[in-house]
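Here's the structure, in structure tokens; my notes come after.
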Protein chains: 2
Amino acid sequence: MSVIFSRSCEYALQAVMYIAMQPRNQMVLLKEVAEKVNIPKHFLGKILQKLAKSGLLDSQKGPNGGFALYETPNKITALMIVEAIDGFDLVNKCVAGFPECHREDPCPFHEEWAMIRNNIKEMLEKETIEKLMQDAKEGKRIPFLKPGYLTK
Amino acid sequence: MSVIFSRSCEYALQAVMYIAMQPRNQMVLLKEVAEKVNIPKHFLGKILQKLAKSGLLDSQKGPNGGFALYETPNKITALMIVEAIDGFDLVNKCVAGFPECHREDPCPFHEEWAMIRNNIKEMLEKETIEKLMQDAKEGKRIPFLKPGYLTK
DNA sequence: CTAATTAAAGACATATAAATATTTATAAGA
DNA sequence: TCTTATAAATATTTATATGTCTTTAATTAG
């Protein structure tokens, strides 16, 4: 298998990027996100609820309701999203699955993995939603990016 | 979730380490590995079969049968084990799950992740079974390591 | 107050990984 | 050849993640 993030977490990252790219003056519908980013609607609903409970998104029921970023894009990092959905077990769990592996009593992989784990964490902290949007403007692919977005 | 390796893969790494630490002049029983490393026996059986088919282990049925390393410990790397069990999707798959992400048309995470992925790969290549055993002798914890091992 | 719109919640279904149990095939030794 | 020890193969169960469907609750507009 070799997965880093769960499917839910991948969806969360993509959905937040999509929401961030919409005009800030109105909320974005679950239906719209689901269709544009191609995620099962009710499954996505639960993911966005979780992000809302974690304080990353705002959500409103009823007409004109929907989802929006709770903070400005420069305050939301990929790490926050990952932690909200998957938890960041990567930080604690032994990469080789040894049950009692920790710094004072490390397995043979421990130190090497600690470095990599740290790289991952730093990378995810550095990637704010703002930066991801910037990247998109510079041509990095975000499949659901509307053609007109760059010129807006 | 945030998993790097599947449970099977963790078991594979641990089991190979265990086998490597046994005397080379006889085969190691599935039953013994399962008990000492604390892995469900039949589940482990399938994992070891897979390692045998991949050419990492030798296996023999019947009395005096069991499993053994097919190569000397310095020829077997953690990467080989991971690839045999999980495949190394890490190499190909987009970390954020974008379906059509590749080098010529990368998502915003692509380059950062490529570096980390490479670090992981290099680390796993560097960790031969021999080195892991060396580490164990230097005090790195391997829970199923027999107390007497260091002085043998 | 009523109807319409939307997210939230809960129940259910499916897919996959993990674990367990049973049967079969192979080799060794008496 | 017969029995025993062992891995290999197969079938079954359980757990968890993912996906779907239905109902409920909240909000707005009229």
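Letters go in sequence order (proteins before strands), and every chain restarts at 1.
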What pairs of residues pass the ring pair (Phe, Tyr, Trp, His ring centres under 6.0 Å) test when at least one of them lies in residues 25-65 of chain B, not counting sequence neighbours? B:Y11-B:F43
Would you mind reading off the distance between A:F67 atom CZ and C:dT5 atom C1', rounded to a whole angstrom? 14 Å
Taking the basic N atoms (NZ, or NE/NH1/NH2) and the acidic carboxylate oxygens, is any pair closer than 4.0 Å for B:E35 and B:K31? yes
Whole angstrom value for the distance that separates P of C:dA18 from CD of B:Q14: 13 Å
Taking 4.0 angstrom as the limit, do B:K126 and A:E112 come out as a salt bridge? yes
Could you state the atom-to-atom distance from NE2 of A:H42 to C1' of D:dT22 in whole Å? 8 Å
Rounded off to whole Å, could you give me the CD-to-P distance for the B:E32 and D:dT6 pair? 11 Å
Side-chain donor-acceptor contacts of residues 67-76 of chain B below 3.5 Å, not counting sequence neighbours, with atom names and distances?
unit_1: B:T72; atom_1: OG1; unit_2: B:N74; atom_2: OD1; d: 2.5

What integer distance in Å separates B:D86:CG from C:dA18:P? 8 Å
Keeping B:E127 on the side-chain end and B:T77 on the backbone end, is there a donor-acceptor pair under 3.5 Å? no
Hey, does the side chain of B:S8 come within less than 4.0 Å of C:dA18's phosphate (OP1/OP2), counting only N and O? yes
Among all residues two or more places apart in sequence or in another chain, which pass the salt bridge (Lys or Arg N to Asp or Glu O under 4.0 Å) test with B:K61? none
Between A:Y11 and D:dG19, is there a side-chain N or O to OP1/OP2 distance below 4.0 Å? yes
Mind calculating the distance between CZ (A:F43) and P (C:dA9) to the nearest angstrom? 16 Å
Any side-chain N or O of B:R7 less than 4.0 Å from the OP1 or OP2 oxygen of C:dA19? yes
Looking at A:M123 and B:W113, what are the two nearest heavy atoms and their distance? CE-CE3, 3.8 Å
Atom pair distance, as rounded to whole Å: CG in B:L29 and C1' in D:dT4: 14 Å
By the salt bridge (charged side-chain N to carboxylate O under 4.0 Å, His left out) test, which pairs, at least two apart or in different chains, include something from residues 50-60 of chain A? none
What are the residues of residues 46-59 of chain A, sorted by number, that bring a heavy atom to within less than 4.0 Å of DNA chain D? A:K46
Check every atom of D:dA7, C:dT22, D:dT20 against the side chain of A:P40 and return the nucleotide holding the closest atom. D:dT20
Atom CE of A:M27 and atom P of C:dT5: how far apart are they, to the nearest Å? 18 Å
OP1 or OP2 of C:dT6 less than 4.0 angstrom from a side-chain nitrogen or oxygen of A:N64, does that happen here? no
Apply the test side chain to side chain contact (heavy atoms under 4.5 Å, CB included) to residues A:N64 and A:Q26: give CA-CA distance (whole Å), side-chain angles for both, the deciding distance (0.1 Å), then the verdict. CA-CA 8 Å; A:N64 312 320; A:Q26 59 179 19; over 6 Å; no
Under 3.5 Å, which N/O atoms of the protein pair with N/O atoms of nucleotides 25-27 of chain D?
unit_1: D:dA26; atom_1: O4'; unit_2: A:K61; atom_2: NZ; d: 3.4

